[in-house]
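To start, the structure itself, in structure tokens.
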Amino acid sequence: TIDPSTLSLDDIREKILNTLLVVIATLASLALAASLFRIVDMGWQYVMAFHAGAYAIALLIAIFRRKLSYKFKASSLVIFSFLVGCVGIVNMGIIGSGILFMFFSVAFATVFFDLRTGAIVIAASFIQLIIMTFIVGQGWISYDFDLEATAVSVPSWISKISAFILFSSF
């Protein structure tokens, strides 16, 4: 085994990142299945194609993690967390898991880069939320799902549980 006292902060960050990528690739498969399971209640949504594509990229990054640079892996994690959050907010508004994904993009940016990068992601998230508030307030985007039906839908519950499991593993 490796003596932890000989590892640099960069070595530790890389070990954590590589482990996290495998965990995400594993648990995100459940989140993707939960997202696709909502087809029963909501029909096909463009966000489901985005989720499938994001998962495929996350899986490839996890598989090739030893061949990819730290900066590429960490940047991909931050960017995809942020994008999944943005798409979730556009698709489901504030009742979805989008804000949770954006929160974790800030945490990932801070842990795997630095406070300045975390602050940049906070600013980008804030701007995105303000823009969405304006767009929704103007009626340019509306949500055509029944909030009450969504609240009691088993696929919606499974989707939220899978998001909880995914983020609790970090």
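Remember, it's a predicted structure, so these values are computed and weren't measured experimentally. We're numbering straight along the sequence, starting at 1. Heavy-atom basis, side chains included; hydrogens, waters and symmetry copies ignored.
Under a hydrophobic-cluster definition in which Ile, Leu, Val, Met, Phe, Trp and Tyr are linked whenever side-chain heavy atoms come within less than 4.5 Å, directly or via other members, Val22 and Ile12 are assigned to different clusters. Hydrophobic clustering, with ILVMFWY side chains joined whenever heavy atoms are under 4.5 angstrom apart, keeps Ile95 apart from Trp157. In this structure, Leu77 is not a member of the same hydrophobic cluster as Leu115, with clusters built from ILVMFWY side-chain heavy atoms closer than 4.5 Å. The hydrophobic clustering, which links ILVMFWY residues whose side-chain heavy atoms are closer than 4.5 Å, places Phe134 and Val136 together. Side-chain heavy atoms closer than 4.5 Å link hydrophobic residues (I, L, V, M, F, W, Y) into clusters, and following such links, even through other members, never connects Phe164 to Val152.
Through side-chain heavy atoms spaced under 4.5 Å, either directly or across other Ile, Leu, Val, Met, Phe, Trp or Tyr residues, Phe126 is tied to Ile130.
The two residues Ala58 and Ala25 come nearest to each other via the heavy atoms O-CB, 4.4 Å. Heavy atoms only, all atoms of each residue included: Val78 and Phe113 are closest at CG2-CE1, 4.2 Å. Annotation for Ile165 and Leu27: closest pair O-CD1, 4.0 Å, computed over non-hydrogen atoms. Of all non-hydrogen atoms in Ser125 and Phe82, the two that sit nearest each other are OG-CE1, 3.5 Å. Shown here for Gly85 and Met102, the closest heavy-atom pair between the two residues is CA-CG, 3.8 Å. Closest of all the heavy-atom pairs between Gly118 and Thr110 is CA-OG1, 3.3 Å.
The closest donor-acceptor contact from the side chain of Arg65 to the backbone of Thr19 lies at 3.5 Å or more, if one exists at all. The backbone N or O of Asp11 lies less than 3.5 Å from no partner atom in the side chain of Tyr70, so there is not a single donor-acceptor pair. No donor-acceptor pair under 3.5 Å is formed between the side chain of Lys73 and the backbone N or O of Asn18. The closest donor-acceptor contact from the side chain of Ser75 to the backbone of Phe72 lies at 3.5 Å or more, if one exists at all.
The side-chain hydrogen bond (donor to acceptor under 3.5 Å, both in side chains) contacts involving residues 77-104 comprise Ser97-Lys160, where partners must be two or more places apart or lie in separate chains.
Once rounded to the nearest 0.5 Å, the distance linking CD1 of Ile99 with CE of Met92 reads 12.5 Å. Note: Leu100 CG to Ser105 OG = 10.0 Å, rounded to the nearest 0.5 Å. Atom-to-atom distance recorded for Phe108:CZ and Ile24:CD1 is 5.0 Å, nearest 0.5 angstrom. To the nearest 0.5 Å, the span separating CD1 on Ile161 from CG on Leu30 amounts to 11.5 Å. To the nearest 0.5 Å, atoms CG (Leu9) and CD (Glu14) are separated by 12.0 Å. Separating the OG atom in Ser76 from the CG atom in Leu21 is a distance of 8.5 Å, to the nearest 0.5 Å.
Side-chain contact between Met132 and Ile94: absent, with no pair of heavy atoms (C-beta onward) separated by less than 4.5 Å. At a threshold of 4.5 Å between non-hydrogen side-chain atoms, the residues Phe112 and Ile16 count as touching.
In this structure, the side chain to side chain contact (heavy atoms under 4.5 Å, CB included) partners of Arg116, at least two apart in sequence or on a different chain, are Asp114, Ile120.
Enclosure of atom CZ in Phe50 by more than 12 non-hydrogen atoms of other residues, nucleotides or ligands within 6.0 angstrom is indicated.
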